[in-house]
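For ligands, and for the atoms within them, numbers begin at 1 and follow the listed sequence. Count residues from 1 along the sequence.
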Amino acid sequence: MTRLPAALPAGKMPGMTLALPLIPDTAAVSRRAILDVPADDLKAWLADRRQPPMRAKQVRRQLLAARATAFADMTDLPKGLRDDLTEHFTPFGSTVVQHLKSGDDTHKLLVRLADGKLIECVLIQNDARATACVSTQVGCGMGCVFCASGLNGVARNLTAGEIVEQLILLRNLTDPNTTREDRAPRLTHIVVMGMGEPLANLENLLDALAVAGDKDGLGIGQRHVTISTVGLPAKIRKLADADKQYHLAVSLHAPNDELRNRIVPTNVQTGIPDILAAADYYFETTGRQVTYEYVVLGKVNDQPEHAHELVDLLRRRKAFVNLIPWNDVAGLTYRRPTDDDLRGFIDTLRDGGVSVQVRRRKGADIDAACGQLRREAEEKPKNSED
Ligand code: SF4
């Protein structure tokens, strides 16, 4: 899918790096992260200690709603249970290893998972919204030619707990006591546009979003969640049948199969007609308008004929197009579109009756294009050996 951070220029002016240990319990990697313990297992563990099942809910509420970062802080639990939890579990399996903050209050985190793998997530704050952009896989197997996340393939799916932990990490960056009108005191929106193809990890994602939506959790309603996909038709239909109200964004990036096969290699297996048919099914089933993401690559997919083809594809659909002008990624040779080409593209879409907007830039002064931070961190040891 198209990661939201792709909309963020890979600015070379470094953002402020904060080495904040947002989650202090880093020595606990051998213990299991409690958000990945199935509810029934946790209840059984509690029953062994003569504790009622509602304690499981209390623990979860403490982490998700009360911003606790250690079992010792959960003062609504008996002291003995807090000690027991500390001995057997860790509140989080993830650790923040790098924290970049931009001048516009966009935060980017490089996160180390319990097995040492690295992922990224981003907090974007504007218009009293606080939006978390989260990853669903370590790396990505889709291989889109313009994306740093997919350069080394996919290592594994994230667990539901690892997805929820990203949300908590980002939520903990919001200021619960803010009095600024343009700042939300908590997370308000989620975009699943980070590293990985969300629909390739659909079950864990749905479990994580259920936790996020719980009123005792983060309380983020389904209509405030956007799931972005490269376009896996069978999974789009499955998501539609899940009877949820999530917003679907399909990363199209090209108006014909010949061009899309070159930009998005998985298109060879799917093809645009099947993706659009699945997206139509999503709209018919959920009633939610589908957004089509389109990374605009200078002189590749931004010419007048491409705009006209896109109009032909979308004008009879209740669709919305999000244009994302390309930003440079180290090691990739694509160019940003010229202002004239971009303007012409927009005008053609509008004249053809297709709703379109250009995605606003956030985090311009941090290296916020998805996958770059992780790639740099992973390559550092190699480079230092050279
Ligand atoms: S390679 Fe994966 S993460 Fe990157 S744009 Fe494609 S689907 Fe998204």
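- Interface atoms of ligand 1 facing Gly143, defined by a heavy-atom separation under 4.0 Å, are 1 (S).
- Proximity to Met142 (heavy-atom distance under 4.0 Å) selects the following atoms of ligand 1: 2 (Fe), 7 (S).
- Residue-ligand proximity, Cys144 to ligand 1, at heavy-atom distances under 4.0 Å covers atoms 1 (S), 5 (S), 6 (Fe), 7 (S).
- Less than 4.0 angstrom separates some heavy atom of Cys147 from each of these atoms of ligand 1: 1 (S), 3 (S), 4 (Fe), 5 (S).
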Could you list the donor-acceptor pairs under 3.5 angstrom formed by side chains in residues 78-85, with sequence neighbours left out?
unit_1	atom_1	unit_2	atom_2	d
Lys79	NZ	Asp83	OD1	3.1
Lys79	NZ	Asp83	OD2	2.8
Arg82	NE	Met74	O	3.4
Arg82	NE	Leu77	O	3.0
Arg82	NH1	Ala72	O	3.4
Arg82	NH2	Leu77	O	3.4
Asp84	OD2	Arg49	NE	2.8

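- Taking the six-membered ring for Trp and thresholds of 30 and 60 degrees, His88 and Trp45 have ring planes more than 60 degrees apart, a perpendicular arrangement.
- A salt bridge links Asp115 with Arg156: at least one charged nitrogen is closer than 4.0 Å to a carboxylate oxygen.
- Among residue pairs with one or both ends in residues 149-208, those qualifying as ring-ring contact (aromatic ring centres under 6.0 Å, His included) are His189-His224; sequence neighbours excluded.
- Atom 6 (Fe) of ligand 1 does not have Cys140 among its coordinating residues (no N/O/S atom, backbone or side chain, under 2.8 Å).
- The pair Arg317-Asp280 meets the salt-bridge criterion, since a charged nitrogen lies less than 4.0 angstrom from a carboxylate oxygen.
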